[in-house]
Every structure is written in C-alpha cells, then in structure tokens.
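Just so you know, ligand 1 is whichever comes first in the structure, and atom 1 is the first atom listed for that ligand. Values reported hereafter were calculated over all heavy atoms of this structure, with side chains retained and with hydrogens, waters and symmetry mates removed.
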Amino acid sequence: MKLESPMSSCVFRPMPPLYVILFFSVSLLQCTTTSVGALGSETDRFALLKFKESISVDPHGILSSWNDSTNNPFCSWPGIACGSQDQRVTSLDLEGYKLQGTISTHLGNLSSLSFINLQSNSFSGEIPQQVGHLFGLQHFDLSDNILEGNIPVNLSYCSQLRILSLRSNRLSGMIPYELGSLVKLEYLSLGTNNLTGGIPASLGNISSLGQFSLAYNNLVGTVPHELGRLKSLTFFAIGPNNLFGTIPLSLYNMSFMNTFSITDNQFN
Ligand SMILES: *[C@@H]1O[C@H](CO)[C@@H](O)[C@H](O)[C@H]1NC(C)=O
Ligand SMILES: *[C@@H]1O[C@H](CO)[C@@H](O)[C@H](O)[C@H]1NC(C)=O
Ligand SMILES: *[C@@H]1O[C@H](CO)[C@@H](O)[C@H](O)[C@H]1NC(C)=O
Ligand SMILES: *[C@@H]1O[C@H](CO)[C@@H](O)[C@H](O)[C@H]1NC(C)=O
Ligand SMILES: *[C@@H]1O[C@H](CO)[C@@H](O)[C@H](O)[C@H]1NC(C)=O
Ligand SMILES: *[C@@H]1O[C@H](CO)[C@@H](O)[C@H](O)[C@H]1NC(C)=O
C-alpha cells in the first residue's frame, strides 16, 4: 500500500489576515486526523504481514497477494474487509483454506477488528493473549483447528463479543471464570476440546446467551444453579463430560429451549 505522507494535505495558502487563525486551526485539525488514520492503517498492514509470516502452509495460495508491492492496498487482499472511512481492518475471514501455522500475536494490533473467522483450518499452538486488545471484537470463530493450551483469560476484555466459538480444538485447562463478564454473548461453543474443571457459575450472568455448548470435554462437578438465569437459552449441550449431581430445576423451565443434551454424564 502506497501511503500518502501525513503532512501532504497541509498546504498553506495566503489568506486575508482575519481568517488566518481560523484557517490555521482547521488545517491543523485535518492534519492530525489524517496522520492518525494513516498511522493506524500502517500498523494494520504490518500486523497482517506478520500474521501471514506465521502461516507455513497455504495450499490455495490465498495469501499470495498479501504482499508489499506498490498499488496493492491491504483492504483489497482476500479475506480482508476495511472500514470505509479510515481504511482500518474490520474483518478477517479465512474460513476453510486449510492454512497451517500459528496465530500471530500481532493479531492484537488490528485494533478495529470486529469480525474474525479462522474456522476449518489447521492453526496450531495457543490462542494469543493479545486478542484481549480487540475491544470492538463481536464475532470470534476459531472452531475446527488444532489449537492447544488454555482459553486466554484476556478474552474477557473483548466486551462486545456476541459469538465465541472455539469448538473442535485441543484446548485444555479450565474455563476462565472471567468469561462471565461477556454479557453480550449470544453464542458460546467450547465443545469438543479437552477442558477440565467445573462450569463457572459466572456464566449465569450472560443473560443474552441463546446457544451454549460445552459438549465433549472432561468437565467435572455439578451444574451451577446460576445457569437457570439464562432465560434466552434455545440450545444447551453439556454432554459427554464427567458432571454429576442433579440438573437445576429451572433449566427444565426455559420457554425457548429446543435442544437440551445432557447425555453421558453421571447425573442422578
Ligand atoms: C503481490 O500481489 C499482487 C496483487 O495480487 C500480485 O499482482 C503480485 O504478483 C504479487 N507480488 C508478488 C511478489 O507476489
Ligand atoms: C504489535 O504486536 C507485537 C506483538 O504483540 C508487538 O511486539 C508490537 O510492538 C506491536 N505494535 C506495533 C505497532 O506493531
Ligand atoms: C490482555 O488484555 C489487556 C487489555 O486489553 C492488556 O492490557 C494486556 O496487555 C493483555 N495481555 C497480553 C499478554 O497481551
Ligand atoms: C486431555 O487432558 C488430560 C489431562 O490433562 C490428558 O491426560 C489427556 O491426554 C488429554 N487428552 C487429549 C485427547 O488431549
Ligand atoms: C457473576 O456471577 C457470579 C456468580 O453467580 C457473581 O458472584 C458475580 O457477582 C457476578 N458478576 C457480575 C458482574 O454480575
Ligand atoms: C418456571 O417458570 C414459571 C413461569 O415463569 C415460574 O413461575 C416457576 O417458578 C418456574 N419454576 C422453576 C423451577 O424455575
């Protein structure tokens, strides 16, 4: 991407004295806006090239046009969408390209991202904690990869999240208690991983939650009665796991529930 020099639009023309001060302050404002926007998109271009660097296999060559050539703005690269005003990356969608590699920590520098879909690839390694910098992220789908390690606690800073799917990976460790602060979540799928520990009671705070799956993990303990507060649930799947005890009665009482799966646990 060829960048305009931040100051190039600041041409000072002679004006009648009365207007000089006003004009000067307006043009200063414009310069500041331009340079901030340009710096942001420069950061984005660098972060995208770093993201590409951590991908070792790209069988469809989808990232071949992600390069430094002139007249090749990153907003037109495959998988990228930008905001029309500031040319910052708002969407990263690389579903199903069989990409192999790791997810670069530089992802956290794409600070205007609201949509990330890396579903159905072969990303390995850990989910970078730096995703916690993406305060505008609404949709985060890493399902069907081979990611391992823990669910980053830092995801709880992504307070705009509505869709979070980490389904079908090799994630281990406990479900962070802090995820309960994602009160805008409508869809939470952590199924088919190797998660251990209990179901955090804090998840009962996510009142907008409609679809909830923790199926196919190694979770233990009882089902917190706080989940009975999730009145919008339509889909609830918590088996197979190693959960025991009784199912909170309130969970049998959800008006919109259409799928309720608790199979292969040790409930009584
Ligand atoms: C960079 O991407 C552009 C746009 O797709 C393409 O025309 C060009 O061949 C690429 N350059 C290199 C060195 O791969
Ligand atoms: C981007 O992210 C990396 C790794 O998280 C960091 O080292 C770097 O300083 C960040 N900032 C910019 C402007 O690239
Ligand atoms: C976790 O997210 C917070 C909030 O964005 C940030 O301050 C912190 O640096 C992040 N941690 C890492 C390791 O990136
Ligand atoms: C799941 O985690 C347990 C305990 O940490 C470990 O023994 C087991 O090998 C893991 N299973 C898989 C499929 O990764
Ligand atoms: C979330 O839920 C837990 C347990 O139910 C509770 O102790 C906590 O105060 C709640 N947090 C918020 C922010 O509502
Ligand atoms: C079930 O829902 C009804 C109507 O909202 C309510 O009166 C009742 O107390 C609920 N029962 C349980 C066990 O939550």
Side-chain angles (χ1 to χ4, degrees), residues 1 3 6 35-55 66 68 74 80 82 86-90 92 101-114 116 118 123 125-138 140 142 147-161 164 166 171 173-186 188 197-209 212 214 219 221-233 236 238 243 245 247-251 254:
M1 156 114 174
L3 269 174
S35 63
V36 167
L39 280 178
S41 63
E42 183 58 19
T43 303
D44 282 6
R45 192 178 63 92
F46 182 72
L48 289 172
L49 291 172
K50 285 290 181 186
F51 180 84
K52 174 182 175 175
E53 243 174 53
S54 68
I55 294 171
W66 290 31
D68 250 333
F74 61 78
I80 303 299
C82 290
D86 57 2
Q87 303 295 292
R88 300 290 311 277
V89 177
T90 54
L92 174 65
T102 57
I103 300 178
S104 169
T105 56
H106 286 262
L107 185 67
N109 291 345
L110 295 164
S111 55
S112 294
L113 272 178
S114 65
I116 298 176
L118 302 178
F123 283 103
E126 301 197 2
I127 304 171
Q129 286 282 349
Q130 285 78 1
V131 295
H133 297 276
L134 304 175
F135 298 124
L137 193 61
Q138 296 182 17
F140 191 44
L142 301 181
L147 296 162
E148 57 195 24
N150 296 346
I151 297 173
V153 173
N154 248 11
L155 259 181
S156 61
Y157 291 111
C158 304
S159 57
Q160 301 302 310
L161 269 181
L164 175 59
L166 306 177
L171 300 171
M174 297 180 44
I175 299 172
Y177 187 85
E178 291 83 352
L179 290 191
S181 65
L182 297 173
V183 292
K184 293 191 175 173
L185 265 192
E186 294 160 14
L188 175 62
I199 301 177
S202 60
L203 300 184
N205 294 341
I206 311 179
S207 54
S208 46
L209 203 55
F212 179 77
L214 304 178
L219 300 171
T222 57
V223 178
H225 64 85
E226 285 85 353
L227 295 190
R229 301 206 301 251
L230 304 175
K231 296 298 179 199
S232 308
L233 280 181
F236 181 78
I238 54 167
L243 301 163
I247 302 287
L249 282 182
S250 48
L251 273 170
M254 302 290 185

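Atom 1 (C) of ligand 2 has its closest protein heavy atom at N109 ND2, 1.5 Å. The protein heavy atom nearest to atom 3 (C) of ligand 2 is H106 CE1, 3.5 Å. With respect to atom 7 (O) of ligand 5, the closest heavy atom belonging to the protein is Y177 OH, 3.8 Å. The single protein non-hydrogen atom nearest to atom 5 (O) of ligand 5 is E226 CG, 3.4 Å, given as residue, atom name and distance. Summary of contacts: the protein heavy atom closest to atom 13 (C) of ligand 3 is Q129 CB, 3.6 Å.
The number of heavy-atom neighbours closer than 6.0 Å to NE2 of H225, taken from other residues, nucleotides and ligands shown, is 12 or below.
For the ligand labelled ligand 5, residue G180 lies outside the 4.0 Å heavy-atom shell.
With N154, L134, L155 as candidates, the residue nearest to atom 8 (C) of ligand 3 on a non-hydrogen basis is N154. For atom 4 (C) of ligand 2, the candidate residues are T43, D44, T105; the nearest heavy-atom contact is made by T105.
The N/O atoms of G132, backbone and side chain alike, include one that comes under 3.5 Å of an N/O atom in ligand 3. Taking distance alone, with nitrogen or oxygen atoms compared against 3.5 Å, N205 approaches ligand 5 more closely than that limit. The shortest N/O to N/O separation between H133 and ligand 3 falls below 3.5 Å.
Those atoms of ligand 2 with a heavy atom of F46 less than 4.0 angstrom away are 14 (O).
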